[in-house]
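Data block below; observations after.
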There are 2 protein chains.
Amino acid sequence: MQNGEKTKDQAPRLSNRLFFRLYQCANMLHKTGTRALDAHHITTQQWAVLGALTRPAFEPGVAVGDLAAFLLVSRQNLTGVLTRLEAMDYIERTVDENDNRSRLIRLTTKGRSLWDEDMRPVISDFYDDALRGFSTEDRIHMIHYLDKMLRNFKDIDPEIQTDKKAAE
Amino acid sequence: MQNGEKTKDQAPRLSNRLFFRLYQCANMLHKTGTRALDAHHITTQQWAVLGALTRPAFEPGVAVGDLAAFLLVSRQNLTGVLTRLEAMDYIERTVDENDNRSRLIRLTTKGRSLWDEDMRPVISDFYDDALRGFSTEDRIHMIHYLDKMLRNFKDIDPEIQTDKKAAE
DNA sequence: CAAAGAAAGTAAATATATTGACATAAATTG
DNA sequence: CAATTTATGTCAATATATTTACTTTCTTTG
């Protein structure tokens with residue numbers, strides 16, 4: 001009983017430590033990631049946007065709202081990032097012919113070149129450094145945990161419908 | 001050989017997925033965390049600062065630089081957060097008697113009360129929700145991976161000396 | 001088909017975060 | 001001990017990120 005209580009008391013400490021580590025990792029991801037791409041004046045958010053735009057499904061152009069839902073940031077946030085990326089000529093905004101409200105975001109040739117020639121090698125090295133000592137199994141386990149936590153976060157967020165009933 | 005190459009080709013995809021999930025989790029941590037404490041007008045950063053100040057080691061007061069090193073954010077960033085927390089009367093800044101350059105940051109009575117009475121229960125529920133389905137073993141594994149990644153990040157960051165040679 | 005409603009994107013206000021620059025104070029050096 | 005260097009915190013400029021509010025456009029309703 002005494003031991004049981006002791007174990008129970010440890011639970012909050014474990015959770016606290018886990019989230020504090022997550023918080024620290026997030027800080028370092030942005031800090032070291034932005035620094036890695038500093039020569040190209042690209043931040044981790046811009047990196048995330050450009051990376052998303054290289055996805056085959058998004059290559060013909062993606063709406064701001066869909067991009068925001070994919071990255072799990074607000075639409076309003078993306079506006080600023082997209083404005084800066086457009087000013088640097090890495091992306092372009094075109095009006096959706098089927099819906100004049102919607103803007104389709106797409107990589108420009110310059111953006112595609114930046115990603116392929118400049119960013120990809122740097123990112124590859126960054127991954128190697130940040131995952132040093134992680135076996136393939138470790139990576140799979142870690143992804144599993146992050147996926148699981150992400151589902152929980154989405155359940156907490158009232159704005160994101162996880163489509164639990166709707167078959168995907 | 002062909003199979004070996006196939007496996008090798010999967011490595012970048014795995015790393016990419018892992019970091020994208022980490023990026024998404026970080027976004028959701030701040031989004032849902034800030035919303036959970038919205039009734040008390042506390043953000044996740046303020047949460048992190050207040051939580052740090054409740055640590056026994058920091059209770060007598062901690063310098064801004066030490067706090068920044070602990071949270072893995074920049075000193076300059078903390079200035080703003082501390083100014084807001086001070087304006088809300090949750091923390092206080094006193095001059096270190098041993099070093100007139102240094103300010104010692106400490107929780108006020110009001111801050112301690114906010115943490116104990118108001119924040120702690122909300123945070124506890126938040127942890128439960130975000131870690132739903134995680135066994136104690138899962139949590140320990142996840143912390144292990146985050147710790148490992150954090151060490152790698154620190155190795156990447158030129159400003160943080162990991163004290164590899166210095167015995168801790 | 002006109003009016004109300006909803007959806008898509010953006011602008012504004014607030015709070016992080018980073019680097020660069022600076023003022024003050026302590027530590028080191030010649 | 002005076003001069004240089006270093007350390008500590010803050011301010012300024014830039015880039016995220018969020019919520020609230022608004023414009024434009026599409027959809028739904030009567």
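All chains are named by letter (A, B, ...) in the order of the sequence lines, taking the proteins before the strands, and each is independently numbered beginning at 1.
- For A:Thr32, there are no side-chain hydrogen bond (donor to acceptor under 3.5 Å, both in side chains) partners at least two apart in sequence or on another chain.
- Here OG1 of A:Thr136 is found 11.0 Å from NE2 of A:His141. Values are rounded to the nearest 0.5 Å.
- The distance from atom CE of B:Met28 to atom P of D:dA17 is 14 Å, rounded to the nearest whole Å.
- Applying the side-chain hydrogen bond (donor to acceptor under 3.5 Å, both in side chains) rule to pairs touching residues 17-28 of chain A yields A:Arg17-B:Asp147, A:Arg21-A:Gln24, A:Arg21-B:Asp147, sequence neighbours excluded.
- Applying the salt bridge (Lys or Arg N to Asp or Glu O under 4.0 Å) rule to B:Arg35 yields the partners A:Asp157; only residues at least two apart in sequence or on another chain are considered.
- Of all the residues in residues 53-67 of chain A, A:Ala63, A:Val64, A:Gly65 reach under 4.0 Å from DNA chain C with at least one non-hydrogen atom.
- The side-chain contact (heavy atoms from CB on, under 4.5 Å) check on A:Arg101 picks up A:Asp99, with sequence neighbours excluded.
- Identified under the ring-ring contact (aromatic ring centres under 6.0 Å, His included) test for residues 70-109 of chain A, with sequence neighbours left out: A:Phe58-A:Phe70, A:Phe70-B:Phe20.
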Would you tabulate the side-chain donor-acceptor contacts of residues 112-125 of chain A under 3.5 Å, counting partners in other chains and residues two or more places apart, or write 'none'?
{"from": "A:Arg112", "atom 1": "NH2", "to": "A:Glu59", "atom 2": "OE2", "distance (Å)": "2.5"}
{"from": "A:Asp116", "atom 1": "OD1", "to": "A:Arg120", "atom 2": "NH2", "distance (Å)": "3.1"}

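- Under the rule for a side-chain hydrogen bond (donor to acceptor under 3.5 Å, both in side chains), the partners of B:Thr44 that lie at least two apart in sequence or sit in another chain are B:His30.
- In this structure, the side-chain contact (heavy atoms from CB on, under 4.5 Å) partners of A:Thr79, at least two apart in sequence or on a different chain, are A:Thr83.
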Distances under 3.5 Å between nitrogen or oxygen atoms of protein and nucleotides 14-18 of chain C:
{"from": "C:dT16", "atom 1": "OP1", "to": "B:Thr43", "atom 2": "OG1", "distance (Å)": "2.2"}
{"from": "C:dT16", "atom 1": "OP2", "to": "B:Gln46", "atom 2": "NE2", "distance (Å)": "2.7"}
{"from": "C:dT16", "atom 1": "OP2", "to": "B:Arg84", "atom 2": "NE", "distance (Å)": "2.6"}
{"from": "C:dT16", "atom 1": "O5'", "to": "B:Arg84", "atom 2": "NH2", "distance (Å)": "3.4"}
{"from": "C:dT16", "atom 1": "O3'", "to": "B:Gln45", "atom 2": "OE1", "distance (Å)": "3.3"}
{"from": "C:dT16", "atom 1": "O3'", "to": "B:Gln45", "atom 2": "NE2", "distance (Å)": "2.7"}
{"from": "C:dA17", "atom 1": "OP1", "to": "B:Gln45", "atom 2": "NE2", "distance (Å)": "2.0"}
{"from": "C:dA17", "atom 1": "OP2", "to": "B:Gln45", "atom 2": "NE2", "distance (Å)": "2.9"}
{"from": "C:dT18", "atom 1": "OP2", "to": "B:Ser74", "atom 2": "N", "distance (Å)": "2.6"}
{"from": "C:dT18", "atom 1": "OP2", "to": "B:Ser74", "atom 2": "OG", "distance (Å)": "3.0"}

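- Of the residues in residues 91-107 of chain A, those with a non-hydrogen atom less than 4.0 angstrom from any atom of DNA chain D are A:Asp99, A:Asn100, A:Arg101.
- Applying the salt bridge (Lys or Arg N to Asp or Glu O under 4.0 Å) test to pairs two or more places apart or on separate chains, those with a residue in residues 81-90 of chain A are A:Glu86-A:Arg93.
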